[in-house]
Number of protein chains: 2
Amino acid sequence: MAKQTAARERVLDAFAELLIEEGERAATLDAVAAAAGVSKGGLLYHFGSKEALVDGLIDRLSEMSEADTARMLAAPEGVVEYFVRTSVDCGTPFDRTIIAVARLAQGQHAQASGAMADIRRSWLRTVEDAVGDPDTARAIVLMCDGLYANTGQLGMGVSDPDEGSDESIERLLAVIARLLPADGR
Amino acid sequence: MAKQTAARERVLDAFAELLIEEGERAATLDAVAAAAGVSKGGLLYHFGSKEALVDGLIDRLSEMSEADTARMLAAPEGVVEYFVRTSVDCGTPFDRTIIAVARLAQGQHAQASGAMADIRRSWLRTVEDAVGDPDTARAIVLMCDGLYANTGQLGMGVSDPDEGSDESIERLLAVIARLLPADGR
DNA sequence: GTCTATAACTTGATAGAC
DNA sequence: GTCTATCAAGTTATAGAC
């Protein structure tokens with residue numbers, strides 16, 4: 001983790017934002033540079049190619065993922081509840097980065113797909129440790145994949161404006177509780 | 001449903017295939033024409049613009065969706081089991097078309113997002129009618145969204161090569177059965 | 001470190017031949 | 001119905017000034 005200039009970070013922020021809000025196609029070097037407030041030449045000083053820019057975002061995601069797993073394990077409300085809640089509210093920097101890289105994974109970016117698969121494996125392992133039963137853990141992680149697909153608009157459109165509401169989380173947690181023996185810790 | 005020429009259908013097939021296998025960015029008019037075995041000019045005779053091509057695929061999806069809902073309601077194994085099984089095996093023409101349009105929905109195609117949302121609403125309504133409880137229905141549909149996200153590589157990468165196997169479906173159905181009072185019909 | 005200018009190529013779309 | 005030019009605009013990347 002060498003010292004990274006502010007401009008470099010701004011470029012990554014802009015890249016992620018464009019991927020999320022307008023899709024992979026709109027996230028051109030021109031658009032990213034403009035959104036980051038630098039020229040295209042300036043951008044290409046920090047990231048020598050578009051591929052390097054993609055790699056930069058994937059690296060950022062990997063770092064964030066490790067930190068999030070630690071937070072999940074330490075969460076006072078328990079692993080499952082933390083996991084479900086943060087899958088519905090896609091507003092955290094980590095969630096935003098996931099959505100951005102997920103967009104890249106749909107292209108032909110093998111590295112992006114690999115990074116997403118790594119994260120999902122990590123979730124599965126962590127939830128499995130928490131709930132005991134592998135099949136139950138898989139069902140829970142699948143529901144959260146579904147939440148990302150919906151609230152993050154990972155392809156499913158938004159069928160229900162209420163999908164991400166506080167109340168809907170509670171109802172979903174109640175359904176999940178029916179799958180668990182005692183509590184989801 | 002006017003009589004559609006074979007070439008027109010081949011173009012739509014090629015477009016969907018490119019979207020699925022290589023992502024939105026690779027699905028250019030050039031690439032689609034080549035894959036369909038026509039020239040770009042030939043393609044543009046059938047679909048006057050790229051937007052018309054997108055609309056053509058969305059229309060095809062809408063037709064398929066109605067037919068699938070009828071099949072789901074008539075399925076001897078029951079709505080829920082039919083729904084889960086067809087979400088895991090993304091090999092049917094309908095599933096392939098869903099994945100293709102989902103890719104478009106991640107760009108800025110409002111119509112594609114709308115079509116996906118319509119389909120999901122239809123699923124939710126149908127499963128809700130079948131299982132009675134809205135919250136349980138939502139949990140089931142979310143799991144299937146998750147399955148699409150995984151097996152269809154809708155952003156989640158493929159974390160588990162076993163995710164789409166026959167055995168994993170049975171285990172998932174067993175977990176879902178725990179949520180249902182009697183049987184999922 | 002950041003900019004402008006520009007080169008080389010791709011993409012969507014049009015025109016007109018067959 | 002389908003093809004071959006051809007075009008304007010957009011996209012990535014390089015070169016060199018500041």
Side-chain angles (χ1 to χ4, degrees), chain A residues 1-58 60 100-101 103-104 106-112, chain B residues 1-58 100-101 103-112:
Chain A
M1 268 46 85
K3 171 193 160 258
Q4 291 170 345
T5 67
R8 208 187 125 98
E9 293 303 298
R10 276 210 324 278
V11 166
L12 281 181
D13 291 342
F15 184 39
E17 210 57 28
L18 274 166
L19 283 170
I20 295 169
E21 300 302 335
E22 305 189 40
E24 190 194 1
R25 212 139 200 213
T28 65
L29 294 186
D30 255 323
V32 172
V38 296
S39 69
K40 212 188 324 192
L43 189 162
L44 283 161
Y45 167 79
H46 292 289
F47 300 95
S49 68
K50 182 139 198 198
E51 207 192 329
L53 183 60
V54 169
D55 290 345
L57 192 64
I58 292 172
R60 177 190 264 196
V101 174
R103 298 265 151 106
L104 293 172
Q106 300 211 23
Q108 194 64 333
H109 294 280
Q111 285 201 50
Chain B
M1 258 56 77
K3 171 189 161 262
Q4 290 171 344
T5 67
R8 209 188 125 96
E9 293 303 297
R10 274 211 324 278
V11 166
L12 280 181
D13 290 342
F15 184 40
E17 210 56 27
L18 274 165
L19 282 169
I20 294 169
E21 300 302 333
E22 305 189 40
E24 189 196 0
R25 214 140 198 214
T28 64
L29 294 186
D30 258 320
V32 173
V38 295
S39 69
K40 208 182 339 184
L43 189 162
L44 284 162
Y45 167 79
H46 293 290
F47 300 95
S49 69
K50 183 139 197 198
E51 207 192 330
L53 182 62
V54 169
D55 289 345
L57 192 65
I58 293 173
V101 174
R103 298 268 150 105
L104 293 172
Q106 298 209 24
Q108 195 65 334
H109 294 279
Q111 286 201 52

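A note on names: the letters A, B, ... follow the listed sequences, proteins ahead of strands, and every chain is numbered from 1. Note that these values count all heavy atoms, side chains included, but never hydrogens, waters or copies made by symmetry.
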Rounded to the nearest 0.5 Å, what separates atom CG in Leu57(A) from atom CZ in Phe47(A)? 8.5 Å
Would you mind reading off the distance between Phe15(B) atom CZ and dG12(C) atom C1', rounded to a whole angstrom? 13 Å
5'-most contact on DNA chain D (nearest-nucleotide basis), Gly48(A) vs His46(B), goes to His46(B)
Leu29(A) side chain, from C-beta outward: closest of dG1(C), dT12(D), dT2(D): dT12(D)
Whole angstrom is fine here: how far is it from CZ in Arg8(B) over to P in dG1(D)? 12 Å
Among the nucleotides dC3(C), dC3(D), dT2(D), whichever has the atom closest to the side chain of Ser39(B) is dC3(D)
Tell me: CZ of Phe47(B) to P of dT14(C), nearest whole Å? 16 Å
How far does CD of Glu17(B) sit from CD1 of Ile20(B), to the nearest 0.5 angstrom? 5.0 Å
Give the rounded distance in Å between these two atoms: CG of Leu43(A) and P of dG1(C). 15 Å
Selection from dT11(D), dA13(C), dC3(C) that lies nearest to any side-chain heavy atom of Asp30(A): dT11(D)
Looking at Tyr45(A), does any N or O in its side chain come under 4.0 Å of the phosphate oxygens OP1/OP2 on dT2(C)? no
Working to the nearest 0.5 angstrom, can you tell me the gap between Leu44(B) CG and Ser49(B) OG? 8.0 Å
Side chain of Leu44(B), heavy atoms from C-beta onward: which of dT2(D), dA13(C), dT2(C) has the nearest atom to it? dA13(C)
Proximal nucleotide (of dA13(C), dA13(D), dC3(C)) relative to the Ser49(A) side chain: dA13(D)
Using the side-chain heavy atoms of Thr28(A), tell me which of these nucleotides is nearest: dA13(D), dT2(D), dT11(D). dT11(D)
Against the side chain of Val38(A), the closest entry in dC3(C), dT12(D), dG1(D) is dC3(C)
Could you tell me whether the phosphate oxygens of dG12(C), OP1 or OP2, come under 4.0 Å of any side-chain nitrogen or oxygen in Arg25(A)? yes
With heavy-atom distances below 4.5 Å as the criterion, would you say the side chains of Gln108(B) and Arg25(A) are in contact? no
Expressed as a whole number of angstroms, how long is the span from Lys50(A):NZ to dG10(D):P? 16 Å
Please state how far atom CG in Leu53(A) lies from atom P in dT11(D), giving the value in whole angstrom units. 15 Å
Under 3.5 Å, side chain of Arg103(A) to main-chain N/O of Glu24(A), donor-acceptor pair present? no
